[in-house]
Amino acid sequence: MPVTDVIPARVITVSDRCSAGLAEDLSGPLAARLLAEHGVDATVVIVPDDVEAIRRAITDAVQEGSRFVFTTGGTGLAPRDVTPEATEPLLATRIDSLADAIRRRGEEMVASAALSRGLVGVTARSDAGALVVNAPGSRGGVTDAVAVIGPLVAHIIDQLAGGDHPRA
């Protein structure tokens, strides 16, 4: 079953300050705008830096039909940065090469991009699965993550749906 023209998705902004209304969410709406250029139709939600809240938001997104979940924030080293810990148990398969590519792209501009612990993977290797990407919470981190993952999203979703590998 080939992927449709539009990929249903959820962008999850992970931020204590944004979820409490103390700061404006700049990274989530940016991610949705940039992903739209790659055929991704994303709604944005905001959750606090809390393992259960993040895990619930990812699970809800997949259960509600999102084929792609893009989180922004909570990938650093601060005590409240727990997005990878929330995400990891939900992944059936990790795609470490894409997480590394996102970090490498960020390092071209900011050395601290190497500190991101963001994960990339799929919740199931079937049509019921979704691609999950943890991006840093900065606008630069979001831009880098979308630059890497955007051109691949449709192909990944098609592969989960059983699509054939392209032939050389």
Side-chain angles (χ1 to χ4, degrees), residues 6-91 94-96 98-123 130-153 156:
V6 176
I7 299 166
R10 180 89 33 95
V11 171
I12 302 168
T13 298
V14 179
S15 168
D16 286 335
R17 295 186 71 230
C18 290
S19 69
L22 301 173
E24 179 183 358
D25 177 15
L26 301 175
S27 63
L30 174 62
R33 282 193 307 276
L34 294 174
L35 289 167
E37 297 172 13
H38 298 281
V40 176
D41 181 23
T43 57
V44 180
V45 299
I46 303 171
V47 299
D49 290 278
D50 174 78
V51 169
E52 289 307 316
I54 298 163
R55 196 171 290 156
R56 186 172 41 256
I58 294 169
T59 301
D60 288 350
V62 174
Q63 289 176 346
E64 293 167 12
S66 292
R67 300 301 316 279
F68 178 37
V69 178
F70 185 96
T71 70
T72 172
T75 64
L77 298 174
R80 298 278 300 156
D81 289 338
V82 295
T83 301
E85 289 78 8
T87 303
E88 188 167 27
L90 302 176
L91 300 179
R94 286 177 52 165
I95 311 172
D96 293 334
L98 288 178
D100 292 340
I102 292 168
R103 280 186 280 279
R104 280 193 310 273
R105 182 170 180 101
E107 288 174 23
E108 293 174 11
M109 302 300 270
V110 181
S112 61
L115 301 176
S116 175
R117 301 178 307 114
L119 303 177
V120 177
V122 293
T123 59
L131 173 64
V132 180
V133 173
N134 297 154
S138 67
R139 287 175 283 172
V142 164
T143 301
D144 293 337
V146 173
V148 170
I149 203 74
L152 301 172
V153 171
I156 293 168

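The analysis underlying the following values was restricted to heavy atoms, covering all of them including side chains, and did not include hydrogens, waters or symmetry mates.
Rounding to the nearest 0.5 Å places CD of Glu88 at 6.0 Å from CG of Leu119. The distance from atom CD of Glu64 to atom OG1 of Thr59, rounded to the nearest 0.5 Å, is 10.5 Å. Here Thr83 contributes atom OG1 and Asp50 contributes atom CG; the two are 10.5 Å apart, rounded to the nearest 0.5 Å.
Annotation: side-chain hydrogen bond (donor to acceptor under 3.5 Å, both in side chains) contacts of Ser66 (sequence neighbours excluded): none.
Looking at heavy atoms from C-beta onward, Val40 lies out of side-chain contact with Leu34 at the 4.5 angstrom threshold. Side-chain contact between Leu98 and Ile156: present, with at least one pair of heavy atoms (C-beta onward) separated by less than 4.5 Å. In this structure the side chain of Asp41 never reaches within 4.5 angstrom of the side chain of Pro8, judged on heavy atoms. Side chains of Ile12 and Val14 form a contact here, defined as non-hydrogen atoms less than 4.5 Å apart.
The minimum heavy-atom distance linking Gly141 with Ala135 is given by the pair O-CB, 4.4 Å. The two residues Leu91 and Gly121 make their nearest non-hydrogen contact at CD2-C, 3.8 Å. Smallest separation of non-hydrogen atoms from Gly28 and Val44: O-CG2, 3.7 Å. Across Leu35 and Phe68, no two heavy atoms sit closer than the pair CD2-CE2, 3.6 Å. Among all heavy-atom pairs drawn from Pro136 and Thr72, the shortest one is O-OG1, 3.0 Å. Taking each heavy atom of Arg80 and Asp49 in turn, the nearest pair found is NH2-O, 2.7 Å.
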May I have the step-by-step check of side chain to side chain contact (heavy atoms under 4.5 Å, CB included) for Arg117 and Leu77, ending in yes or no? CA-CA 8 Å; Arg117 301 178 307 114; Leu77 298 174; 3.8 Å; yes
Kindly indicate, with the supporting measurements, whether the criterion side chain to side chain contact (heavy atoms under 4.5 Å, CB included) is fulfilled by Ile95 and Leu131. CA-CA 10 Å; Ile95 311 172; Leu131 173 64; 4.3 Å; yes
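For the side chain to side chain contact (heavy atoms under 4.5 Å, CB included) test with Ile46, the passing option among Asp16, Val11, Thr13 is Thr13; the others fail.
Among residues at least two apart or in separate chains, side-chain hydrogen bond (donor to acceptor under 3.5 Å, both in side chains) pairs with a member in residues 132-150 are Thr71-Asn134, Thr87-Asn134.
Judged by distance alone, the side chain of Arg17 and the main-chain N or O of Asp25 form no donor-acceptor pair under 3.5 Å.
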Would you mind writing out the side-chain donor-acceptor pairs for residues 101-109 within the sub-3.5 Å range, not counting sequence neighbours?
unit_1: Arg103; atom_1: NH1; unit_2: Ser116; atom_2: O; d: 3.1
unit_1: Arg103; atom_1: NH1; unit_2: Gly118; atom_2: O; d: 3.1
unit_1: Arg103; atom_1: NH2; unit_2: Asp100; atom_2: OD1; d: 2.9

